[in-house]
Amino acid sequence: MKKDMTVPCEDGLINLRVGAIIMKNGKILMVGNNIRPEYLYSVGGRIKFGETSEEAVVREVFEETGVKMEVDRLGFIHENYFYGDSASNLGKLIYEVSYFYYMKVPEDFEPVCMSMTEDEHEEFLRWIDVDDPIKYYPEFFRKELLHPVDGVKHFVTDERG
């Protein structure tokens, strides 16, 4: 099995990941887990060595929803510095580059979640309104998905303080 594109760097990690923008009837599909159910995140995950970001997002969508979906277009590139909060990276500085793709959502799309987090916690899928007050990642979706543009937007988030 190919390895995730997570690379140690000094005392931290570099992650390359993808996220899917799956919208239907004005709602976006997000993922949560049973450890932190009040926090949602985009469908997606790490790119595996040898994959393109498009191949990775198609794979991740299939793994997390059970549906093979096509990419529509790249929407966002997000550089993010943050400190890890899972057992495998607790307190480590992480530099993550994410590619967020709009997906072509089939009319009869009915996702089924059977995925787990890297720490083996059950995940669940949830449709939310973009302006739902629940905490979700990435935060720039709140504004950007209300008024999408055709180009690719770049965001930088830095939680180092």
Side-chain angles (χ1 to χ4, degrees), residues 4-7 9 12-33 36-85 93-113 115 117-118 123-161:
D4 287 345
M5 297 257 274
T6 297
V7 181
C9 186
L13 299 168
I14 298 171
N15 279 338
L16 294 179
R17 77 176 304 278
V18 291
I21 302 167
I22 300 172
M23 298 191 75
K24 186 175 178 182
N25 301 324
K27 296 187 180 283
I28 184 167
L29 186 64
M30 302 298 280
V31 183
N33 63 65
R36 291 175 42 192
E38 75 289 348
Y39 174 78
L40 303 176
Y41 40 93
S42 64
V43 171
R46 291 192 192 100
I47 300 170
K48 295 194 178 295
F49 190 75
E51 281 184 316
T52 66
S53 59
E54 284 193 26
E55 291 167 339
V57 77
V58 168
R59 175 184 51 76
E60 286 287 347
V61 167
F62 180 73
E63 288 176 3
E64 293 183 24
T65 71
V67 176
K68 186 149 184 161
M69 208 177 285
E70 291 181 37
V71 168
D72 182 15
R73 65 183 179 82
L74 179 63
F76 307 98
I77 297 172
H78 184 207
E79 295 180 73
N80 189 10
Y81 274 104
F82 62 97
Y83 290 94
D85 62 0
L93 180 61
I94 299 171
Y95 172 65
E96 185 170 82
V97 179
S98 299
Y99 302 90
F100 290 96
Y101 286 92
Y102 287 94
M103 304 303 289
K104 293 180 183 176
V105 182
E107 229 8 81
D108 61 348
F109 178 61
E110 292 295 331
V112 177
C113 185
S115 59
T117 66
E118 66 184 43
E123 290 184 309
F124 60 85
L125 298 171
R126 180 170 160 195
W127 291 102
I128 64 168
D129 290 315
V130 172
D131 57 0
D132 190 305
I134 192 168
K135 182 175 179 145
Y136 69 85
Y137 170 84
E139 293 177 1
F140 63 80
F141 275 10
R142 281 187 197 286
K143 179 180 173 193
E144 297 300 322
L145 295 182
L146 291 174
H147 307 286
V149 298
D150 286 336
V152 177
K153 287 194 164 185
H154 174 238
F155 289 89
V156 178
T157 305
D158 193 338
E159 297 177 7
R160 291 178 289 182

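Values in this document were obtained by computation on a predicted structure and should not be read as measured data. All values below were derived from every heavy atom in this structure, side-chain atoms included, with hydrogens, water molecules and symmetry-related copies excluded.
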Using every non-hydrogen atom in the two residues, find where G84 and I94 come nearest and quote the distance to one decimal. CA-CD1, 3.8 Å
Report the relative orientation of the aromatic rings in Y81 and Y95; use parallel for angles under 30°, tilted for 30 to 60°, perpendicular for over 60°. tilted
Just how far is it from atom CD1 of I22 to atom CE of M30, taken to the nearest 0.5 Å? 10.0 Å
Which residues pass the salt bridge (Lys or Arg N to Asp or Glu O under 4.0 Å) test with E54, sequence neighbours left out? none
Do the side chains of R59 and E55 get close enough for a salt bridge, i.e. N-O under 4.0 angstrom? no
In terms of heavy-atom contacts, does CZ of F124 have more than 12 from other residues, nucleotides or ligands at under 6.0 Å? yes
OG (S98) and CZ (R46) are apart, to the nearest 0.5 Å, by 10.0 Å
Interatomic distance, I77 atom CD1 to F100 atom CZ [nearest 0.5 angstrom]: 11.0 Å
Which is it for V105 and M23 under the side chain to side chain contact (heavy atoms under 4.5 Å, CB included) test, yes or no, and what are the steps along the way? CA-CA 7 Å; V105 182; M23 298 191 75; 5.7 Å; no
Backbone N/O of F109 and side chain of K24: donor-acceptor pair under 3.5 Å: yes
Sorted by chain and residue number, the side chain to side chain donor-acceptor pair (under 3.5 Å) partners of H154 (sequence neighbours excluded) come out as E79
Apply the test side chain to side chain contact (heavy atoms under 4.5 Å, CB included) to residues M69 and Y101: give CA-CA distance (whole Å), side-chain angles for both, the deciding distance (0.1 Å), then the verdict. CA-CA 11 Å; M69 208 177 285; Y101 286 92; over 6 Å; no
Provide the full list of side chain to side chain donor-acceptor pair (under 3.5 Å) pairs with a residue in residues 129-138, sequence neighbours left out, each pair given once. K27-D129, H78-Y137, N80-Y137
Quick one: pull up CG in L29 and CD1 in I128 and give me the separation to the nearest 0.5 Å. 9.5 Å
Sort out for me which residue in V61, D72, V43 forms a side-chain contact (heavy atoms from CB on, under 4.5 Å) with M103. V61
In terms of heavy-atom contacts, A56 and E51 come closest through CB-OE1, 3.4 Å
Going by the angle between their ring planes, with limits at 30° and 60°, are F76 and F141 parallel, tilted or perpendicular? tilted
Any side-chain heavy-atom pair from L40 and V31 closer than 4.5 angstrom? no
Knowing that exactly one of T6, T52, V18 qualifies, which makes a side-chain contact (heavy atoms from CB on, under 4.5 Å) with I47? V18
Of the non-hydrogen atoms in P148 and R73, which two are nearest, and what is the gap between them? CB-NH2, 4.4 Å
If you compare all heavy atoms of G19 against all heavy atoms of S42, which two are closest, and at what distance to 0.1 Å? CA-OG, 3.8 Å
With side chain to side chain contact (heavy atoms under 4.5 Å, CB included) as the test, would you mind laying out the steps for V58 and E70 before giving the verdict? CA-CA 7 Å; V58 168; E70 291 181 37; over 6 Å; no
K153 side, atom NZ; E144 side, atom CD - distance, nearest 0.5 Å: 3.5 Å
Nearest 0.5 angstrom please: Y102 OH to L74 CG, how far? 10.0 Å
